[in-house]
Undergrad: 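The following block contains the structure, expressed as structure tokens.
None of the values given here were measured: they were computed from a predicted structure. The analysis underlying the following values was restricted to heavy atoms, covering all of them including side chains, and did not include hydrogens, waters or symmetry mates. Start at 1 and go down the list; that is how both ligands and their atoms are numbered.
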Amino acid sequence: MKAAVFYNCGDASQIQIAEVPEPQVGPGQALIRVHASAFNHLELWALHGPADESYRFPMWTGSDIAGVIEQLAPDVSGWSVGEAVVVNPSLSCGKCARCLEGEISQCDDYDILGSAGNGGNAEYIAASADKLMRMPEGFDFVSAAAAPLAYQTAWRAIVRRANVQSGEDVLVLGASGGVAAAAIQFCKMRGARVFAVTSSEEKLEKARQIGADFALNRKTSNPFEEVRRLTQGRGVDLVVENVGASTWGESQKILRKGGRIVTYGRTTGRQATTNLSLLFWNEQTHIGSTMGSLSDFRQAMEMVLNGSITPVIDSVYPLEQAREAYARYERGEQFGKIVLNICR
Ligand SMILES: [Zn+2]
């Protein structure tokens, strides 16, 4: 089969289309013919390296997959060859107390399908049948693939963990990212007022189109000052963080008393300084959030598959142009998801 592989860590120029062995279906698994596969930051982390002992070259990643069941392991029931499915990329032991409660992102063995190789940026992938979700008849594969990772992460962060309420003011940083764009949509669905920070006039317009009440350009202004002005100095109830080291201090300062930060990422670095005075005196809550539980995945995907939420798609590339897709992601030009259209 064809896959978008790299033989060395580096930049997008390392990506090439190569013939690699088709995956073998193991117990409990389905072989999926991939129709669409969406990029996440995991793509760049794996490509940029550095490689460790877990790397097996040629390597191909890809965690967001929609496709058609091509083959089923003999022990799998409840599924049929030919069904269109989307894959929950969460991998967990399935046996521990957290897994049995469905809180699989808290499993000690938690991992993400395709993040460390043998992913969905290829014509086939083998996936656990118990992580598949049926797509409605005629639902678009590109839209389905754009959703699993970003929309379950945003659902858990916004709805389950931060529990955004109607009338709250929410500041979304790094708003052009796939999860952040989904977070804007879920905040609006919950009735919050959203301030979105991004980096170009084109992206500001896109943030407004998906519901942001105020879109702020971090290249031409200090967005935290702008939010202070727009809220008459009061700040916000919640900051949605994924930027990390470069914004954490300001995120703490922009909170109202009793405010909270929810973070699901750290694009600019993992080490940040927390102001403990602000934390206790202002009774802040700092919330970490990763991926989602089985029910987070299901609820987020139901919103997408029933048409209540439309995934934000930046661009779609055929598999053959995977290198260009990687390059666009590397340059940070995207707003929403970059998707490979693999089986056309
Ligand atoms: Zn477990």
Side-chain angles (χ1 to χ4, degrees), residues 23-32 34 37-38 40-43 45-46 52-56 59-67 69 72-79 85-120 125-134 144-145 147-163 178-179 182-183 186 242 262-266 270 285-305:
Q24 301 296 306
V25 172
Q29 287 191 321
L31 183 70
I32 311 293
V34 181
S37 170
N40 295 285
H41 220 86
L42 297 167
E43 257 62 44
W45 281 331
D52 59 28
E53 64 280 357
S54 71
Y55 278 61
R56 298 279 178 279
M59 183 151 161
W60 63 98
T61 56
S63 306
D64 270 336
I65 297 133
I69 298 176
L72 291 161
D75 62 339
V76 172
S77 58
W79 294 99
V85 292
V86 60
V87 182
N88 182 352
S90 287
L91 303 175
S92 61
C93 80
K95 298 179 200 127
C96 70
R98 306 309 285 145
C99 282
L100 294 176
E101 289 167 12
E103 289 292 342
I104 56 175
S105 57
Q106 292 180 0
C107 174
D108 286 339
D109 295 331
Y110 187 75
D111 204 350
I112 298 175
L113 176 71
S115 62
N118 297 322
I125 189 168
S128 269
D130 63 4
K131 296 285 169 53
L132 305 181
M133 186 166 178
R134 276 186 187 85
L149 196 147
Y151 283 75
Q152 70 173 306
T153 302
W155 180 273
R156 185 173 183 84
I158 299 303
V159 179
R160 288 281 306 287
R161 301 282 287 150
N163 192 19
V179 183
F186 287 140
N242 63 88
V262 66
T263 177
Y264 56 84
R266 42 125 188 113
R270 68 180 75 194
T285 304
H286 297 177
I287 308 164
S289 193
T290 285
M291 294 291 285
S293 65
L294 290 174
S295 77
D296 293 328
F297 172 74
R298 193 150 286 280
Q299 289 177 71
M301 287 308 298
E302 274 168 6
M303 303 292 301
V304 170
L305 296 176

Undergrad: Nearest 0.5 Å please: distance from the CD atom of Q152 over to the CG atom of L294.
TA: 9.0 Å
Undergrad: Check this for me: D75, atom CG, are more than 12 non-hydrogen atoms of other residues, nucleotides or ligands nearer than 6.0 Å?
TA: yes
Undergrad: Cation-pi check, R298 to W155: give yes when NZ or CZ is under 6.0 Å from the six-membered ring centre and within 45° of the ring axis, no otherwise.
TA: no
Undergrad: What residues form a salt bridge (Lys or Arg N to Asp or Glu O under 4.0 Å) with R160, not counting sequence neighbours?
TA: E103, D296
Undergrad: What residue among S37, S90, P89 forms side-chain contact (heavy atoms from CB on, under 4.5 Å) with S63?
TA: P89
Undergrad: Which of the protein's N, O or S atoms come within less than 2.8 Å of the Zn ion (ligand 1), not counting waters?
TA: C93 SG, C96 SG, C99 SG, C107 SG
Undergrad: So among V85, V87, L305, which one has a side-chain contact (heavy atoms from CB on, under 4.5 Å) with M133?
TA: L305
